[in-house]
Number of protein chains: 2
Amino acid sequence: MSVDFFVSFVQVFGLPKSIGQIYGLLFVSAEPLPMDDIVSQLGISKGSASQGLALLKSLGAVTSQTIPADRREHFEADLNVSRIVTHFFENRLQPRLEHGDRRLEEMMELARTAKREKKGDGAAAVLTRIQALQKWQKRGRNLIPMVVRWLKR
Amino acid sequence: MSVDFFVSFVQVFGLPKSIGQIYGLLFVSAEPLPMDDIVSQLGISKGSASQGLALLKSLGAVTSQTIPADRREHFEADLNVSRIVTHFFENRLQPRLEHGDRRLEEMMELARTAKREKKGDGAAAVLTRIQALQKWQKRGRNLIPMVVRWLKR
DNA sequence: AACTTCGTTCAAATCAAAATGAACAAACCG
DNA sequence: CGGTTTGTTCATTTTGATTTGAACGAAGTT
């Protein structure tokens, strides 16, 4: 099917398959579609469609339009693919890296105590390793805004 | 626990929890550990440990050492964290992007036929969208080697 | 050769994420 | 109002990924 491309794309970013299917269908469709078309064309449930569209709207990846003489919401793909990617970086990666900071600090503390108590050379080596990790952590955090900026133009 | 940091880290890259636990334990341990220590300290099964270590070795993220008068393999974390990240980019992202090329081409073909048949302006618009996608695809493929290079120093 | 220790493999169990669909709420229409 | 259409919610089911542990093989020891 022609939405396969989108399915595999969103999955790289940890989003469920149905999101890819819906976005793909809308991307490829010449005019905006109501929810029941999405349900019937993709063969997914009303629930999935509703939830999927809600997420895609929240990402700004689809928008809804009003069509004259039709009460139903009609959905359209926003061509701005970068929103999905940006969402991944900012909502999935960024928070984890930040949470990681605190935990690294805790590890550091543990290692320092261990070193003081055991005075082993091994413990000192561990301390050095953790410091190296912290550098990496910082490096990663710097990379993200760079990538996001690059994707945005 | 102090390996939490690593668990959450590897999960960003779609690797199982046990991988993070094992790598974390080795990272934090002052000297190389045999498999049964890993099993008992983390409370995971022999199977998990064996499989996890095999994967980590294949990534080059851990190495094994021989310790005199001990038959068992002893494992040590390779500090080179970038291997895990590089592995993610090269084995998980890259192939998908490449496979995507072919599927995009198929979509393009479908869209061209649709345009010829229906001659609708909608169909032409779809064609344009897909072309835009192809640009993005190329852009993404260029980004990866950049990131990898940046991470490697 | 029989026995132990170390490690791998793989079918089955477990667990978590996603999809389903029935029940519900809101908007519209006669 | 009663009836219909549209869309959301959420408890249950399904599905896929991870983990387990029993069985096995390889190597070492007596």
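All chains are named by letter (A, B, ...) in the order of the sequence lines, taking the proteins before the strands, and each is independently numbered beginning at 1.
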ask   = When you list every nucleotide of DNA chain D with an atom under 4.0 Å from a heavy atom of chain B, which one comes first 5' to 3', and which comes last?
value = dT18(D) to dG28(D)
ask   = Is a side-chain donor or acceptor of Ser50(B) paired with a backbone partner of Gly47(B) at a separation under 3.5 angstrom?
value = no
remark   = In short, Val39(B) meets Lys46(B) closest at the heavy-atom pair CG2-CA, 3.9 Å
note = Between CD1 of Ile22(B) and P of dG7(C) the distance, given in whole Å, is 13 Å
inquiry  = Please find the pair of heavy atoms, one from Phe75(B) and one from Leu26(B), that lie closest to each other, and give the distance.
reply    = O-CD2, 3.4 Å
inquiry  = Looking at Arg129(B) and Phe27(A), would you say the former's side chain and the latter's main chain have a donor-acceptor pair under 3.5 Å?
reply    = yes
NZ/NE/NH1/NH2 to OD/OE distance under 4.0 Å, Arg112(A) and Glu109(A) = yes
request  = Decide yes or no on side-chain contact (heavy atoms from CB on, under 4.5 Å) for Ile38(B) and Gln21(B), but give the supporting numbers first.
outcome  = CA-CA 9 Å; Ile38(B) 297 173; Gln21(B) 298 185 93; over 6 Å; no
ask   = Could you state the CD-P distance from Gln11(A) to dA17(C), rounded to the nearest angstrom?
value = 15 Å
query = Near DNA chain D, under 4.0 Å by heavy atom, which residues of residues 54-63 of chain B?
reply = none
task = Look at the aromatic rings of Tyr23(A) and Phe6(A) and report parallel, tilted or perpendicular, splitting at 30° and 60°.
result = perpendicular
Closest approach of Pro16(B) to Val10(B) (non-hydrogen atoms, all atoms of both residues) = O-CG2, 3.8 Å
inquiry  = At under 4.0 Å between heavy atoms, how does the protein contact nucleotides 18-30 of chain C? Give one character per nucleotide, 5' to 3', with B, S or -.
reply    = SSBB-B---BS--
message = Whether the side chain of Ser8(B) engages the backbone of Asp4(B) through a donor-acceptor N/O pair (distance < 3.5 Å, no angle test) should be reported.
response = no
remark   = In terms of heavy-atom contacts, Gly24(B) and Val3(B) come closest through C-CG1, 3.8 Å
